[in-house]
Structures are given as C-alpha cells and as structure tokens.
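Here the structure comes first, spelled out in structure tokens, and everything after it is commentary.
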Protein chains: 2
Amino acid sequence: MIDWAPDETVWEQMYDILRKRIETGEYKARNPIPSITHLEQEFGVARGTVRKVLGKLKDEGYLRAISGKGTFVLPRHERLRRLEEGDA
Amino acid sequence: MIDWAPDETVWEQMYDILRKRIETGEYKARNPIPSITHLEQEFGVARGTVRKVLGKLKDEGYLRAISGKGTFVLPRHERLRRLEEGDA
DNA sequence: TAAGATTTGTTCGTATGTATA
DNA sequence: ATATACATACGAACAAATCTT
C-alpha cells in the first residue's frame with residue numbers, strides 16, 4: 001500500500017488512504033477507526049507517523065480522538081459545523 | 001537495578017531480570033508474579049514498558065496472563081509443549 | 001444484588017533520541 | 001537547518017474480568 005520509492009512522503013500516502021476510507025464509508029460515521037497501534041502494524045510505520053496523519057484528519061474535522069477510548073469518525077454535518085466554527 | 005546509561009534498552013534489561021527470576025525459581029511455577037502495578041513501582045518504569053516485557057515472556061511461553069486474576073509462571077513442561085504447538 | 005478493590009487489557013497523549021535526506 | 005521517520009519510554013484515562021464484602 002505504501003510506496004517506498006515515493007514522490008509523496010509516507011505520511012502523505014497514508015493520509016490519502018485514510019481519508020478515502022472515511023469518505024467512502026469504509027470507516028463508518030460515529031464508529032471508531034482502528035487504534036493507533038493497529039494502524040502502526042497495518043501500515044508498517046512508526047507511532048509518530050500515524051499521529052501526524054490522524055492529527056491532520058482531526059484538524060480537518062474528519063476525526064475526533066477520545067483519550068482511552070478511541071478515535072471516532074465524525075458525521076459530515078458535524079465535520080462541516082466544526083470547520084465553520086473553527087473549533088478544530 | 002536498571003541502568004540509565006545503557007547499552008541495552010530499559011525493556012531489554014527488565015526482560016533479562018524477569019526471565020532470570022523465572023528460570024531460577026524466584027518466581028515459582030504455577031504461582032502468580034507481582035502485578036503490573038507492583039512491577040511498575042519496583043522498576044520505576046511505565047505500564048507500557050512492563051507490558052512489553054511481559055508480552056515477550058508470554059510469547060516465549062514463560063508466563064500466562066489471566067484477565068482479572070494475575071500473571072502466572074508456566075511449569076517448564078507446559079512451556080515447552082506450548083512452544084511446540086505454537087499456541088503462543 | 002450491589003458496591004468496591006484488584007488486576008489485566010486497551011487506548012490516546014506526549015516527549016526524547018537517532019538517523020536520513 | 002529542516003522535515004521525515006524510526007524506536008523507545010513516559011503518563012493518563014478507560015474498560016473488562018475477577019474476587020470480596
């Protein structure tokens with residue numbers, strides 16, 4: 001999945017993949033996505049790299065992380081509301 | 001006990017110490033070892049570090065954890081059987 | 001039945017150090 | 001120098017299983 005002779009960096013490729021999974025509904029609204037540890041293993045990358053990708057998706061309103069519980073997909077209307085209000 | 005100017009990492013040093021305690025019988029077969037919380041305090045390390053070490057010892061058949069009860073030392077013959085059967 | 005304590009299990013959050021390009 | 005990416009290690013919150021009172 002990740003291309004190690006890249007034009008794009010590893011984190012950018014992973015970002016594209018996860019955003020697609022959200023937008024296509026593979027990761028369903030209101031549900032948790034796989035844990036950081038799970039994503040580390042699936043993609044074969046380091047924790048910091050996963051966090052960088054999830055951080056960007058959170059900034060853009062796709063996800064919300066809850067400590068000790070998981071990282072959840074926001075429904076589209078919530079995402080848009082958050083972006084307007086700027087409370088990323 | 002743990003050396004903080006290490007060649008070995010903290011978790012590797014802790015792994016060596018615990019494995020020795022099992023092999024010398026300081027932690028007796030069929031008995032529970034100290035709890036994760038206790039080991040955190042004894043070694044002055046974080047929960048994640050303890051769990052990493054115990055996870056390795058479980059993979060190698062030295063220990064078996066039972067949720068809500070404790071982590072138990074497997075007798076040698078059980079350990080060897082488990083390793084042969086590959087049921088971690 | 002219920003409540004609390006203990007223990008293992010899981011998750012996110014954060015920081016530091018190293019290597020590479 | 002900066003950005004990328006890795007590994008290690010810390011802390012904290014939450015959950016589930018078990019046992020006792």
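To find a chain, count down the sequence lines: A is the first, B the second, and so on, and within it residues start at 1.
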Original post:
Can you check whether Thr49(B) has a side-chain N or O nearer than 4.0 Å to OP1 or OP2 of dT8(D)?
Top reply: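 It does not, given that no N or O in the side chain of Thr49(B) lies less than 4.0 Å from OP1 or OP2 of dT8(D).
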Original post:
OP1 or OP2 of dA5(D) sitting under 4.0 Å from any side-chain N/O of Lys52(A)?
Top reply: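 So the side-chain polar atoms of Lys52(A) never come under 4.0 Å of the phosphate oxygens OP1 or OP2 of dA5(D).
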Rounded interatomic separation in angstrom, taking [atom1] from [X] and [atom2] from [N]:
X: Arg51(B); N: dA13(D); atom1: CZ; atom2: P; result: 18 Å
X: Leu39(B); N: dC10(D); atom1: CG; atom2: P; result: 13 Å
X: Met14(A); N: dT4(D); atom1: CE; atom2: P; result: 15 Å
X: Gln41(A); N: dA7(D); atom1: CD; atom2: P; result: 12 Å
X: Phe43(A); N: dC6(D); atom1: CZ; atom2: P; result: 12 Å
X: Glu12(B); N: dA7(D); atom1: CD; atom2: C1'; result: 11 Å
X: Tyr15(A); N: dA5(D); atom1: OH; atom2: P; result: 15 Å

Subject >> Residue pairs passing the salt bridge (charged side-chain N to carboxylate O under 4.0 Å, His left out) test where at least one lies in residues 26-41 of chain B, sequence neighbours excluded >> reply: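 The answer is Arg21(B)-Glu26(B), Glu40(B)-Arg47(B).
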Joint cluster assignment, [X] & [Y], ILVMFWY side-chain distance < 4.5 Å:
X: Val53(B); Y: Phe72(B); result: no
X: Ile66(A); Y: Ile33(A); result: no
X: Leu74(B); Y: Tyr27(B); result: no

Original post:
Along DNA chain C, 5' to 3', what are the outermost nucleotides having an atom less than 4.0 Å from a heavy atom of chain A?
Top reply: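 On DNA chain C, the outermost contacted nucleotides are dT11(C) to dT14(C).
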Original post:
Under 6.0 Å from the CZ atom of Arg19(A), do we count more than 12 heavy atoms belonging to anything else shown?
Top reply: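 It does: Arg19(A) CZ has more than 12 such atoms within range.
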**OP:** Check whether any side-chain heavy atom of Val50(B) lies under 4.5 Å from a side-chain heavy atom of Phe43(B), and answer yes or no.
**Re:**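 Heavy-atom side-chain distance check fails, nothing below 4.5 Å.
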Original post:
So do Tyr62(B) and Glu23(B) actually touch side chain to side chain, heavy atoms under 4.5 Å?
Top reply: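 In short, these two side chains touch, coming nearer than 4.5 Å.
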Original post:
Can you tell me how far CZ of Arg82(A) sits from NZ of Lys58(A), rounded to the nearest 0.5 angstrom?
Top reply: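 One finds 12.0 Å between NZ of Lys58(A) and CZ of Arg82(A).
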Original post:
Gly48(A) near the nucleic acid: base, sugar-phosphate alone, or nothing, with a heavy-atom cut-off under 4.0 Å?
Top reply: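 No contact at all - Gly48(A) keeps every heavy atom at 4.0 Å or more from the nucleic acid.
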Subject >> Under 3.5 Å: donor-acceptor pair, side chain of Glu78(B), backbone of Pro75(B) >> reply: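 Absent.
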**OP:** Let me have a per-nucleotide readout for nucleotides 14-21 of chain D, 5' to 3', with B, S or -, counting only protein heavy atoms under 4.0 Å.
**Re:** SS-BSS--
